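Structure first, then comments.
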Amino acid sequence: MGNDLVVLDRKARRELEQLLTDGNTAQKIAKRARIVLMTADGHGVVAIMREVGVSKTTVWRWQDYFAEAGVDGLIKGRSKPPGRKPLSAAMKLKVVEKTVKERPANAAHWSVRSMAEEMGISHTSVQPIWAEHGLKPHLVRSFKISNDPDFVAKVEDIVGLNVDPPEKALVLSVDEKSQIQALDTQPGLPLKKGRAGTMTHDYKRNGTTTLFAALDVAAGTVIGECLARHRADEFLSFLKTIDRETPAHLDLHLILDNYATHKTPAVKRWLARHKRFTLHFTPTSCSWLNLVERLFAEITRQRIRRGTFNDVTELKTAIDEWIEHRNQNPMPFKWTAGAKSILAKHRRAKKALAIAKTGCK
């Protein structure tokens with residue numbers, strides 16, 4: 001292995017020496033030239049390794065290749081063997097179609113390796129195809145299409161209240177967040193550089209509470225009340241709280257979901273005596289139209305999820321303090337989706353679901 005005897009004619013030596021002295025010569029080519037020159041001058045492999053700073057196999061490789069291809073070979077370098085033939089457009093299309101239209105026989109979704117095995121290609125070939133077409137078979141998003149017969153009218157009504165509330169009235173997004181647990185967890189490790197804070201899986205349940213909240217859509221302020229349960233009695237009690245804490249001269253438009261406690265005879269009788277209250281119900285399976293849900297997500301993330309509470313009283317105090325702090329600098333949520341875009345998306349979803357069920361376009 002290697003060629004310890006390299007004979008250079010004058011032309012070859014001159015060309016190699018020019019490569020070394022030319023400041024524009026690439027470093028890798030200069031090293032190859034030095035290896036050949038030192039070999040021709042009688043230096044051993046070990047001395048060349050130390051002088052040039054390369055491995056023994058590198059010295060052997062360029063000794064042999066110079067004997068084969070000369071100075072031009074050193075400059076051009078060894079030609080690499082041809083890589084794997086790129087996949088055809090037809091094969092890529094088959095991968096995409098199989099991904100979106102079929103499932104593997106023994107799994108709920110494709111992985112890059114199961115798809116590669118199915119198609120007889122490398123898993124590294126599957127990955128760029130999926131990336132190019134935005135396919136992520138390992139992810140799934142849940143959805144629910146409302147079948148409310150009054151879907152269109154209700155969407156237009158609620159979006160109108162959010163975007164263009166009536167004058168001399170308050171629009172309040174109302175709901176209850178039930179079964180909030182007062183969890184007492186063991187202390188975790190603190191946050192530090194290179195490590196997130198930790199929470200133990202161990203916890204003790206110390207009771208629950210239900211947060212009733214009314215979000216002023218325009219101002220962003222919140223009327224909140226923690227009650228032990230979420231029956232019609234508690235909802236009626238919260239309506240009375242809203243009545244007390246809002247200006248008496250303003251009409252009140254409440255956006256609510258279709259929970260049964262919002263429609264009991266007792267609630268209807270109370271509303272009949274309090275004419276300034278008007279209830280607007282979201283379509284079935286459309287709680288996302290109720291902006292107070294966004295508030296519940298915020299308080300859960302900011303105060304409840306990582307909280308430690310020895311009893312329900314501590315939990316209620318934490319919730320009340322969070323609401324009080326928010327009301328000092330209220331930030332209303334901005335509704336951006338128009339009714340037309342929501343209804344158009346709903347129509348497309350129903351059509352796509354019908355096609356999926358029947359297989360007919």
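Please read these numbers as outputs of a predicted model, since none were measured by experiment. Throughout, numbering of the chain's residues begins at 1 and tracks the sequence.
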For [X] against [Y], the heavy-atom pair lying closest together:
X: Glu234; Y: Arg229; value: CG-O, 3.1 Å
X: Arg195; Y: Leu191; value: O-CD1, 3.3 Å
X: Thr284; Y: Asp148; value: N-OD2, 3.2 Å
X: Asp216; Y: Leu172; value: CA-CD2, 3.7 Å
X: Ala219; Y: Pro330; value: O-CB, 3.5 Å

> Does the salt bridge (charged side-chain N to carboxylate O under 4.0 Å, His left out) test come out yes or no for Asp9 and Arg14, once each step is laid out?
Replying inline: CA-CA 9 Å; Asp9 58 28; Arg14 185 168 60 253; over 6 Å; no
Salt bridge [X]-[Y], side-chain N to carboxylate O under 4.0 Å:
X: Arg326; Y: Glu298; answer: yes
X: Lys168; Y: Asp251; answer: no
X: Lys316; Y: Asp311; answer: no
X: Glu97; Y: Lys94; answer: no

Interatomic distance, [X] atom [atom1] to [Y] atom [atom2] [nearest 0.5 angstrom]:
X: Asn206; Y: Glu314; atom1: CG; atom2: CD; answer: 8.5 Å
X: Glu324; Y: Thr317; atom1: CD; atom2: OG1; answer: 11.0 Å
X: Arg34; Y: Leu74; atom1: CZ; atom2: CG; answer: 13.5 Å
X: Ser111; Y: His138; atom1: OG; atom2: NE2; answer: 11.0 Å
X: Leu87; Y: Ile129; atom1: CG; atom2: CD1; answer: 5.0 Å

Side chain of [X], backbone of [Y]: donor and acceptor closer than 3.5 Å?
X: Asn258; Y: Thr282; answer: yes
X: Ser114; Y: Trp110; answer: no
X: Ser237; Y: Asp233; answer: no
X: Asp257; Y: Asp175; answer: no
X: Thr25; Y: Ala30; answer: no
X: Thr208; Y: Gln179; answer: no

Any side-chain donor-acceptor pair under 3.5 Å between [X] and [Y]?
X: Thr210; Y: Glu176; result: no
X: Glu225; Y: Thr241; result: yes
X: Gln302; Y: His325; result: no
X: Thr246; Y: Arg276; result: yes
X: Thr185; Y: Thr308; result: yes
X: Lys177; Y: Thr300; result: yes

> Do Thr264 and Leu236 have side chains that get closer than 4.5 Å, going by heavy atoms?
Replying inline: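 No, too far: nothing below the 4.5 Å cut-off.
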> Among Leu343, Ile342, Asp157, whose side-chain contact (heavy atoms from CB on, under 4.5 Å) with Val152 holds?
Replying inline: Leu343
> Cation-pi between Arg303 and Trp322: NZ/CZ under 6.0 Å from ring centre and within 45° of the ring axis?
Replying inline: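 Ring-cation test returns no.
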> Is it true that the NZ or CZ of Lys263 lies under 6.0 Å from the centre of Phe281's six-membered ring and within 45 degrees of the ring axis?
Replying inline: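 Lys263 over Phe281 ring: yes.
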>> Ring-plane angle category for His253 and His280, please: parallel below 30°, perpendicular beyond 60°, tilted otherwise.
In response: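 Tilted: the ring planes of His253 and His280 meet at 30° to 60°.
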> Using 30° and 60° as the class limits, which term best fits the ring planes of Trp270 and His274: parallel, tilted or perpendicular?
Replying inline: parallel
